[in-house]
Each structure stands twice: as C-alpha cells, then as structure tokens.
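See structure below.
Along the sequence shown, residues are numbered consecutively beginning with 1. We count ligands from 1, going down the list as the structure has it; atoms in each ligand are counted the same way.
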Amino acid sequence: MLQIQENVSLKTFNTFGIDVKAAFFAEIFDEEDLRTLFKNELSKANKLLIIGGGSNVLFTQDYDGLVIKISIVGITSKVDGDDIKVTAGAGVVWNDFVNYCVSHNFAGVENLTLIPGTVGASPIQNIGAYGVELKDVFESCTAFEINTGEIKTFSYADCHFGYRESIFKGELKGQFIITSVTFALKTEARLNTSYGAIEAELQKRGIESPGIADVSAAVAHIRVSKLPDPTTIGNAGSFFKNPVIEKFEFADVVAKHPDVVHYPTADGKIKLAAGWLIEQCGWKGKIQGNTGTWKNQALVLVNHGDASGKEVFDFSAQIIDSVKSTFGVTLEREVNIM
Ligand code: FAD
Ligand code: EPU
C-alpha cells in the first residue's frame, strides 16, 4: 500500500550522509505504486526527485517537493545459447545484480563490481569502471512516463549513451522513471583485464587463467583500496568527471605540464585524469571544515562528519577555480547537485 510521508530526513537516503529533509517522500515497490502515486494531487502540485541509492547526489538544501525512492526488485534471466538476457528491477542494488551474474557465470558486468546504487540509475549516467561501461551490456530499459503514465521501452540507440551521459540526463531529464533494465550478457567470458591494476592484482593472487569471479574479486579489492566506504565516510564517488578536451587544447596543457595523465578517446579527443589535476593543485587529502578530498583519491570529496551540502559544494567550487587557473581546464561536476 503506497504511503506518502511528510517531512522525512534524507540522511540515510544519500551516501554523502547529508542531513536534509524532504517535504514529501514515497517509496515505490511496483508499477502499480507509480500509477497510484501519479493519480495523487501531491505528485502534480510538487516538484519531483527520483532516487535509487542516493549515491550520486549532493543535497545542498532541504528538498521542498516529493522524493520518490525506487525499490522495484526482482531479477529474471533467459539463456539462449551463448546469449543471456537478464532483466532486473530498477530498485535492485547494483552490486547484488553483479553478484547474481557472477554467481551464475554470466559474463559482462564483472568489471562493474561494487559500484554503489541501483540498477535503475545505471543508465542515467551510463555508469562505468575498469574499462567497461553500462552501454557495453545494455539491451533495453522500461520507463514510466510521468506526463502520460505510460510504460515505454528504450533501446540502446534511444538512450544516446556517452561518457557519464545519456538521454535521461539530457533531453528527457525529469520525464521518465526507469522501472527495469535488460542486459545482454554472455555465457562465454570475454574478460577485459587490461585496465588499471586488474592484471597486476590477478598476478599477485597467482591466477593465470582468470574467470569472471576472479576479475570481480580483483576489481573489488582495487576499489576498496582507493575509494572510501560510504557506510563509514560519506561520499558520492568521483565528484567531477574526467575532462575531455580537444587535441589543440591538450597541446597547450602538455606543453606546460608534460607529465599530465591522459588517455585518447575513441572520437579523437583527449581525456585528462581529473584526480591527477586536483592532486597537482595540492588538494589531495586536504581537510577543510567537515569536508575535504579523500587521501587516496583526490577526485572523491568526502563528508568528515556533519558537513552540509553547501559546504561540500563551496569546497568543490574552490577546486574548480584552482584547476582552471593552474591548467586552464574546467572541471564539470559528475554528482547531481540538488
Ligand atoms: P541516485 O544517486 O539515487 O540518483 C542518481 C541520478 O539518477 C539522479 O539524477 C536521480 O534522479 C536519477 N535516478 C535514479 N534512479 C532513477 C530511476 N529509476 N529512474 C530515473 N531516474 C533515476 N559511478 C560510476 O559510474 N562508476 C563508478 O566506478 C562509481 N563509483 C562510485 C563509488 C562510490 C564509493 C560512490 C559513493 C559512488 C560511485 N559512483 C560511480 C556513482 C554512483 O554509484 C552511480 O552514479 C550510481 O549509478 C548511482 O545510483 P543510485 O541508485 O545511487 O542513484
Ligand atoms: N590520479 C592521481 N591522483 C589522484 C587520483 C588519481 O594522480 O588523487 C591518477 C591515477 O594515478 C591514475 C589516473 O589518475 O593515473 C586515474 O585514476 P583512477 O584509475 O583512480 O580513476 P579515475 O579516472 O580517477 C574513473 C572513474 C571512476 C571509476 C574509475 C575506475 C570518472 C569520473 N571516474 O576514476 O568512477 O571507478 O575510473 O575505472 O570517470 C565515479 O564515477 O563515481 C567513479 C568512481
């Protein structure tokens, strides 16, 4: 039975642990709940915010509207030769979905082990890690259209995926609530171990011919060593995107900073490591009031205690200014600022 609560603390609903309140709050367990909710006047009279795990949001003030938490669960799979289609409810915890695939020996998402949040949010910014992005395994998703109450299906082509981008963050922002995602996975593993420290970690473990579970465990190990655990120290992962710049702009940067960490992109541009830029400006591990950057990863901003969202936001603005004046590069926030 759908319940709409009033004046609800969001502290446990965002991994930054920011203590703000939502004027109204509803948790959705199935599509029927969505239909019921959108018949209610409250959903028409208020601005709306959809959340899953709250692991990519920074609340800078109380939310003066209706927060809708998506908790639609359930995973089903269909094997057809080497191809597997797995469909998961939008509220399934992303890492539970990864563990389900790893334990069934379904290959494709093992490099995305331990990313916080839900399945339903995974297409929003096309989550990625260790050389794999959601788009590489995405088949389709279903979504509730807020204006019409209809459920629509989005194909890969419909979603316009890019680096930490999709149509749901752009053109269709705020118009659809993702209810399920279908993934195209394989029974035959085509492992991707070339990124970062995966190979070194497998070697350290004495694993010569790794399987899906080995890669998943190696990725988990590397992530835990670099990233703060939101259950003990509030954060939302990378606070900024890695900036992607044109080759001519890169020529200027590299002339002045020959050791700048960078990667070519498939479309002929250059991606810079934002963590490196921020560290070079002296911010790594810095603590300012209740906020700061993580000691092992300067790209991650943290809540050292009772930080307010505004404090974290203002700190992030100082970092943007500093990187701009040192490198001439503008950092863009990855985290959704509310
Ligand atoms: P939320 O934070 O709740 O929401 C994020 C955005 O999606 C919001 O705009 C929200 O309105 C929208 N949204 C959420 N659910 C739905 C839905 N069902 N329908 C429509 N809109 C919706 N991200 C990466 O890409 N790679 C990483 O390696 C990575 N590592 C991280 C490590 C840590 C420690 C943390 C805390 C975060 C990390 N992130 C990473 C960011 C985060 O995990 C992802 O962005 C994740 O997909 C967010 O899921 P969520 O359910 O918490 O979304
Ligand atoms: N680096 C530094 N100093 C730092 C941090 C990083 O010099 O403080 C250098 C590293 O040495 C390395 C390079 O920057 O040479 C890249 O660092 P890392 O491998 O840690 O990855 P990242 O680019 O900082 C990105 C994603 C992460 C994802 C990892 C692994 C973005 C914005 N971030 O981080 O995603 O987990 O790669 O694939 O693309 C997230 O989006 O929230 C997130 C955590």
Side-chain angles (χ1 to χ4, degrees), residues 10 13-17 28 34 48-59 67-72 89-95 111-134 141-144 146 163-164 166 168-169 172-181 195-198 219 222-231 233-244 259-263 271-280 283-285 293-302 331-338:
L10 294 176
F13 294 109
N14 73 98
T15 60
F16 252 120
I28 296 297
L34 277 177
L48 308 172
L49 172 67
I50 317 303
I51 58 165
S55 63
N56 207 24
V57 287
L58 176 69
F59 288 102
V67 171
I68 304 172
K69 176 168 166 57
I70 304 301
S71 299
I72 303 172
V92 171
V93 170
W94 174 264
N95 200 50
N111 292 44
L112 304 178
T113 298
L114 273 197
I115 296 181
T118 55
V119 164
S122 65
I124 306 289
Q125 72 156 7
N126 177 28
I127 58 169
Y130 295 90
V132 175
E133 287 184 327
L134 180 275
C141 67
T142 56
F144 177 91
I146 292 174
Y163 166 60
R164 297 294 190 270
S166 77
F168 302 108
K169 258 185 99 175
L172 299 183
K173 193 174 165 65
Q175 296 182 33
F176 284 89
I177 299 174
I178 294 179
T179 50
S180 75
V181 182
Y195 188 96
I198 301 180
V219 167
I222 299 163
R223 290 183 67 96
V224 168
S225 70
K226 283 193 182 180
L227 296 167
D229 174 0
T231 60
I233 182 151
N235 75 93
S238 301
F239 197 87
F240 305 98
K241 293 190 204 178
N242 284 324
V244 178
D259 47 352
V260 60
V261 178
H262 65 282
Y263 324 88
K271 190 188 268 185
L272 305 180
W276 185 88
L277 300 174
I278 297 168
E279 179 173 353
Q280 296 304 304
W283 292 100
K284 189 168 182 171
T293 57
W294 185 236
K295 58 183 186 323
N296 301 333
Q297 229 302 0
L299 192 47
V300 178
L301 269 53
V302 296
L331 292 181
E332 200 185 311
R333 294 178 182 90
E334 178 194 295
V335 170
N336 298 280
I337 309 296
M338 299 309 303

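- By heavy-atom distance, the residue among Gly54, Ser55, Ala129, Ser180 lying nearest atom 41 (C) of ligand 1 is Ser55.
- Against a heavy-atom cut-off of under 4.0 Å, Phe176 is close to the following atoms of ligand 1: 20 (C).
- When non-hydrogen atoms are compared, ligand 1 lies under 4.0 Å from neither the backbone nor the side chain of Thr179.
- Closest to atom 47 (O) of ligand 1, if we only count protein heavy atoms, is Ile127 CG2, 3.2 Å.
- For ligand 2, the 4.0 Å heavy-atom shell contains residues Ala129, Tyr130, Tyr163, Arg164, Tyr195, Arg223, Lys226, Gly237, Ser238, Phe240, Lys241, Asn242, Val261, Tyr263, Ala273, Gly275, Trp276, Glu279, Lys284, Gln297, Ala298, Leu299, Glu334.
- The heavy-atom pair separating Ile70 from Ile178 by the smallest distance is CG2-O, 4.3 Å.
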Exercise for review: Tell me, with the steps shown, if Tyr130 and Thr113 meet side chain to side chain contact (heavy atoms under 4.5 Å, CB included).
Suggested key: CA-CA 10 Å; Tyr130 295 90; Thr113 298; over 6 Å; no

Q: Check step by step if side chain to side chain contact (heavy atoms under 4.5 Å, CB included) holds for Leu299 and Ile278.
A: CA-CA 7 Å; Leu299 192 47; Ile278 297 168; 3.9 Å; yes

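- At a 4.0 Å cut-off, at least one heavy atom of Arg223 sits close enough to ligand 1 to count as contact.
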Run the numbers on Tyr163 and Asn126 for side chain to side chain contact (heavy atoms under 4.5 Å, CB included), then give the verdict. CA-CA 7 Å; Tyr163 166 60; Asn126 177 28; over 6 Å; no

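- At a 3.5 angstrom cut-off on N or O pairs, Ile50 counts as close to ligand 1.
- When all heavy atoms are compared, the tightest approach of Thr15 to Ser55 is OG1-CA, 3.2 Å.
- Using a 4.0 Å cut-off to heavy atoms of Ile177, the atoms of ligand 1 that qualify are 19 (N), 20 (C).
- Here the CD1-CG distance, from Ile72 to Leu34, works out to 5.5 Å after rounding to the nearest 0.5 Å.
- A side-chain donor-acceptor contact under 3.5 Å links Trp294 to the backbone of Lys226.
- Atom CZ in Phe144 sits 8.5 Å away from atom CD1 in Ile28 (nearest 0.5 Å).
- For ligand 1, the atoms sitting less than 4.0 Å from at least one non-hydrogen atom of Thr118 are 49 (O), 50 (P), 51 (O), numbered in the order shown with element in parentheses.
- For ligand 1, the polar-atom distance check finds no N/O of Leu227 at less than 3.5 Å from any of the ligand's N/O atoms.
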Starting from the C-alpha separation in whole Å, work towards a yes-or-no answer on side chain to side chain contact (heavy atoms under 4.5 Å, CB included) for Val67 and Ile51.
CA-CA 7 Å; Val67 171; Ile51 58 165; 3.8 Å; yes

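- Gly91 does not count as a contact of ligand 1, since none of its heavy atoms falls under 4.0 Å from the ligand.
- Taking only non-hydrogen atoms, the option from Asn14, Ile70, Val119, Asn56 nearest to atom 2 (O) of ligand 1 is Asn56.
- Given atom 21 (N) of ligand 1, the protein heavy atom at minimum distance is Ile124 CD1, 3.3 Å.
- The Ile51 neighbourhood of ligand 1 comprises atoms 3 (O), with distances under 4.0 Å to a heavy atom of that residue.
- Any N or O atom pair closer than 3.5 Å counts here, and Thr15 shares no such pair with ligand 1.
- At the top of the distance list for atom 53 (O) of ligand 1, counting protein heavy atoms only, stands Ala121 CB, 3.3 Å.
- In this structure, Asn336 contributes its side chain and Asn56 its backbone to a donor-acceptor pair below 3.5 Å.
- Among all non-hydrogen protein atoms, the one lying nearest atom 23 (N) of ligand 1 is Gln125 NE2, 3.2 Å.
- Ligand 1 does not have Glu133 within reach: every non-hydrogen atom of the residue lies 4.0 Å or more from it.
- Scanning both residues, Glu334 and Arg164, for their nearest heavy atoms gives OE1-NE, 3.2 Å.
- Remark: ligand 1 atoms within the under-4.0 Å shell around heavy atoms of Pro228 are 34 (C).
- Counting all heavy atoms, side chain and backbone alike, Glu133 lies closest to Leu112 at C-CD1, 4.4 Å.
- Any N or O atom pair closer than 3.5 Å counts here, and Asn126 shares no such pair with ligand 1.
- Of the candidates Ala143, Gly128, Pro116, the one placing a heavy atom closest to atom 43 (O) of ligand 1 is Pro116.
- Here the protein heavy atom with the shortest distance to atom 18 (N) of ligand 1 is Ile178 O, 3.0 Å.
- Checked by atom type and distance alone, the side chain of Thr179 pairs as donor or acceptor with a backbone atom of Thr142 at under 3.5 Å.
- Not a single heavy atom of Tyr130 lies less than 4.0 angstrom from ligand 1.
- With respect to atom 40 (C) of ligand 1, the closest heavy atom belonging to the protein is Ile115 CG2, 3.8 Å.
- A distance-only check finds a donor-acceptor pair linking the side chain of Asn242 to the backbone of Ala274 [under 3.5 Å].
- Here the CG-CG distance, from Leu301 to Leu58, works out to 9.0 Å after rounding to the nearest 0.5 Å.
- Atom 4 (O) of ligand 1 has its closest protein heavy atom at Val57 CG1, 4.3 Å.
- Atoms of ligand 1 found under 4.0 Å from any heavy atom of Gly237 (numbered from 1 in listed order, with element): 31 (C), 32 (C), 33 (C), 35 (C), 36 (C), 37 (C), 38 (C).
- Counting the atoms of ligand 1 from 1 in the order shown, those under 4.0 Å from a heavy atom of Gly117 are 49 (O), 50 (P), 51 (O), 52 (O).
- Taking each heavy atom of Arg223 and Ala129 in turn, the nearest pair found is NH1-CB, 3.6 Å.
- Scanning all heavy atoms of the two residues, the minimum distance from Val302 to Pro228 falls at CG1-CG, 4.0 Å.
- Ranking the protein heavy atoms by distance from atom 6 (C) of ligand 1 puts Asn336 ND2, 3.6 Å first.
- In this structure, Leu227 CG and Leu114 CG are separated by 9.0 Å, a value rounded to the nearest 0.5 Å.
- In this structure a side-chain-to-backbone donor-acceptor pair under 3.5 Å is missing from Thr118 to Val92.
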